[in-house]
There are 2 protein chains.
Amino acid sequence: MLSHSIANIETNTAFAKARCPARPVDQFVNVMGLASLVATAFRYQKDEEIFGEDESTEYVYQVVRGAVRTYKLLSDGRRQIGSFHLPGDIFGLEYGPSHRLTAEALVETEVRLIQRRSLENAANVDVQVARSLWNVTAGELRHAEDHMLLLGCKTAMERVAAFLLEMDRRLAAASMVALPMCRRDIGDYLGLTLETVSRALSQLHDQHVLDFSGARQIVIRNRQRLRDISA
Amino acid sequence: MLSHSIANIETNTAFAKARCPARPVDQFVNVMGLASLVATAFRYQKDEEIFGEDESTEYVYQVVRGAVRTYKLLSDGRRQIGSFHLPGDIFGLEYGPSHRLTAEALVETEVRLIQRRSLENAANVDVQVARSLWNVTAGELRHAEDHMLLLGCKTAMERVAAFLLEMDRRLAAASMVALPMCRRDIGDYLGLTLETVSRALSQLHDQHVLDFSGARQIVIRNRQRLRDISA
DNA sequence: CGACTTTTTGAAACGAGTCAAGTGCAGTGG
DNA sequence: CCACTGCACTTGACTCGTTTCAAAAAGTCG
């Protein structure tokens, strides 16, 4: 529950239009508006938990600004990051009663929340809303299927190349990729250690496939080469 | 298209009730019946392709008897099996216009087919049908999320133990697990080579965790031990 | 039974992990 | 303005688990 921090919440329906590039989920965003559902803005600081694994699903979330990681843990601390969520992305939508991954802010992050129950109600009346919910889940499944191929088959270098292309596609601004996550997060996403990620990036740098301006500001110099490497 | 082999198709609405243990997807099965949709039975022989990656999605499938693997390939032949589909399971349901994995019969397999378009139509009228479609996709996503954790984090032994528990849960009959797939399929599912799978099974046998009667008939002697190992 | 495929087992090689320094960068305060 | 501090990142040397390659054993089917 968020009631203990209600002072931090500001109701804001205008946020909907901000920084949401054209994607399939826009339909869902529109639904949020059309159904006159109450969307609420909330801010999380770096590394703050947004929801926990097995927590009940009271809200559905959309990133407005910042970035989010969702992950599963094994009992000894090994972590698999399932996805990174960037501005415009919906996350935390579940069919069942509880979340199956933990969500944390990668950096200071602003999200819009909507009550899951109100979405349910809308979906029971409007088939288009029901379709939109299905669409969001189907999009996550598509990503998960691609990621299983990466985790089950690809080499370290192929994984890092695929990661860079994904980030380039999703958050490239002016040919520069500004990564919001550290090497450990990248490693836990790709099923590698942070050292292996670092070595692969260094190797790509040596081969003039990319340039750095600081460890997290990357310019891709040879996109086609990356595509070839990513297999 | 199946028109060239229409002679092999037999329309059969009674198949619905056969060998479908209680699961979430039963709702979907019921929907198939209630909406008076035409379900058709079809038979595939061992290793026969049911649909291919990027093929357009004309049908949704349900295993009646046998078993199915769905997978993605890399250009050099590396393969990641996403799921095994057993009697009662729905597969091949896509939100988008084309399949994202290839489906093949593991053994001689009987499936029921339903036209995707007729499901779409039903979903546009009945919100319960729309919910059922979402539910099927959400179930696949849940499996994919668990499998990413396995592929990204777990050791060979942990993967094999988890696999055995999954198969035990899904197809155990009289304490015996009769695997419909070969070691290579298991390896491609777990992100391991067939040799590594074989070694892990041998090791579990040496530790009296399981017994064999033939390579594919497995009796689990110590289920708790397997749970501990699977992490 | 004999031919083929699948599975097991062994030995060697390799890719990624682990452990341990060392470097660089951002923020803090003298 | 520049040392100081604390992380994040890089790099090196070594280890280890899994893969690769090869051959034997077991299982399946005509």
Participant: At 4.0 Å (heavy atoms only), tell me whether A/Ser202 reaches a base, stays on the sugar-phosphate, or touches nothing.
Facilitator: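 Result for A/Ser202 = sugar-phosphate.
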
Participant: Report the residue (B/Arg184 or A/Lys154) whose heavy-atom-nearest nucleotide on DNA chain C is the more 5′ of the two.
Facilitator: B/Arg184

Participant: For B/Leu210 and C/dT8, what is the distance between atoms CG and C1' respectively, to the nearest whole Å?
Facilitator: 14 Å

Participant: Examine C/dG17: is either OP1 or OP2 under 4.0 Å from a nitrogen or oxygen in the side chain of A/Thr196? Give yes or no.
Facilitator: yes

Participant: Check the distance between C/dT7's P and B/Ile186's CD1 and give it to me in whole angstrom.
Facilitator: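 In whole Å, C/dT7 P and B/Ile186 CD1 are 7 Å from each other.
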
Participant: Can you tell me the distance, in whole Å, between the CD atom of A/Glu158 and the P atom of C/dA16?
Facilitator: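 These atoms are roughly 9 Å apart.
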
Participant: Between C1' on C/dG15 and CG on A/Leu190, what's the gap in Å once rounded to a whole number?
Facilitator: 16 Å

Participant: Using the closest heavy atom to pick a nucleotide of DNA chain C for each, name whichever of B/Arg216 or A/Thr155 lands nearer the 5' end.
Facilitator: B/Arg216

Participant: Choose from C/dT18, C/dT9, C/dT7 the nucleotide whose nearest atom is closest to any side-chain atom of A/Arg199.
Facilitator: C/dT18

Participant: Below 30° counts as parallel, above 60° as perpendicular, anything between as tilted: where do the rings of A/His147 and A/Tyr189 land?
Facilitator: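 If you compare the ring of A/His147 with that of A/Tyr189, the planes turn out parallel.
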
Participant: Do the ring planes of B/Tyr61 and B/His99 sit parallel (below 30°), tilted (30 to 60°) or perpendicular (above 60°)?
Facilitator: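 It falls in the tilted class, 30° to 60°.
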
Participant: From CE of A/Met157 over to C1' of C/dG17, roughly how many Å is that when rounded to an integer?
Facilitator: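 The answer, rounded to whole Å, is 16 Å.
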
Participant: Could B/Glu108 and B/Lys46 be called an ion pair, given the rule that one side-chain N must be under 4.0 Å from one carboxylate O?
Facilitator: no

Participant: Give A/Leu192 one of three labels, base, sugar-phosphate or nothing, depending on what nucleic acid heavy atoms sit under 4.0 Å from its own.
Facilitator: sugar-phosphate

Participant: Scan B/Gly187 against the nucleic acid and name what it touches under 4.0 Å (heavy atoms): base, sugar-phosphate only, or nothing.
Facilitator: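 Counting heavy atoms under 4.0 Å across all strands, no contact is made by B/Gly187.
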
Participant: Could you check whether the rings of B/Phe42 and B/Tyr44 sit parallel, tilted or perpendicular, using 30° and 60° as the cut-offs?
Facilitator: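 Judged by the thresholds at 30° and 60°, the geometry between B/Phe42 and B/Tyr44 is tilted.
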
Participant: Does CD in B/Gln224 sit with more than 12 non-hydrogen atoms of other residues, nucleotides or ligands closer than 6.0 Å?
Facilitator: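 Above 12, so yes.
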
Participant: In whole angstrom, what separates B/Asp185's CG from C/dT6's C1'?
Facilitator: 12 Å

Participant: When you check the phosphate oxygens OP1 and OP2 of C/dA16, does a side-chain N or O of A/Arg159 lie under 4.0 Å from one of them?
Facilitator: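 No, no such contact exists.
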
Participant: Take atom CG of B/Asp206 and atom C1' of C/dT8, then tell me their distance rounded to the nearest Å.
Facilitator: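 B/Asp206 atom CG is separated from C/dT8 atom C1' by 11 Å.
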
Participant: So, applying side chain to side chain donor-acceptor pair (under 3.5 Å) with B/Arg69, which one of B/Thr102, B/Asp188, B/Asp47 is it?
Facilitator: B/Asp47

Participant: Rounding to a whole Å, what distance do you find between B/Arg183:CZ and C/dT9:P?
Facilitator: 11 Å

Participant: Need two values: the first and the last nucleotide of DNA chain D, 5' to 3', having an atom under 4.0 Å from any heavy-atom of chain B.
Facilitator: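 Contact span on the strand: D/dT18 to D/dC21.
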
Participant: I need the single residue from A/Gln80, A/Arg79, A/Glu104 that forms a side chain to side chain donor-acceptor pair (under 3.5 Å) with A/Tyr71. Which is it?
Facilitator: A/Glu104

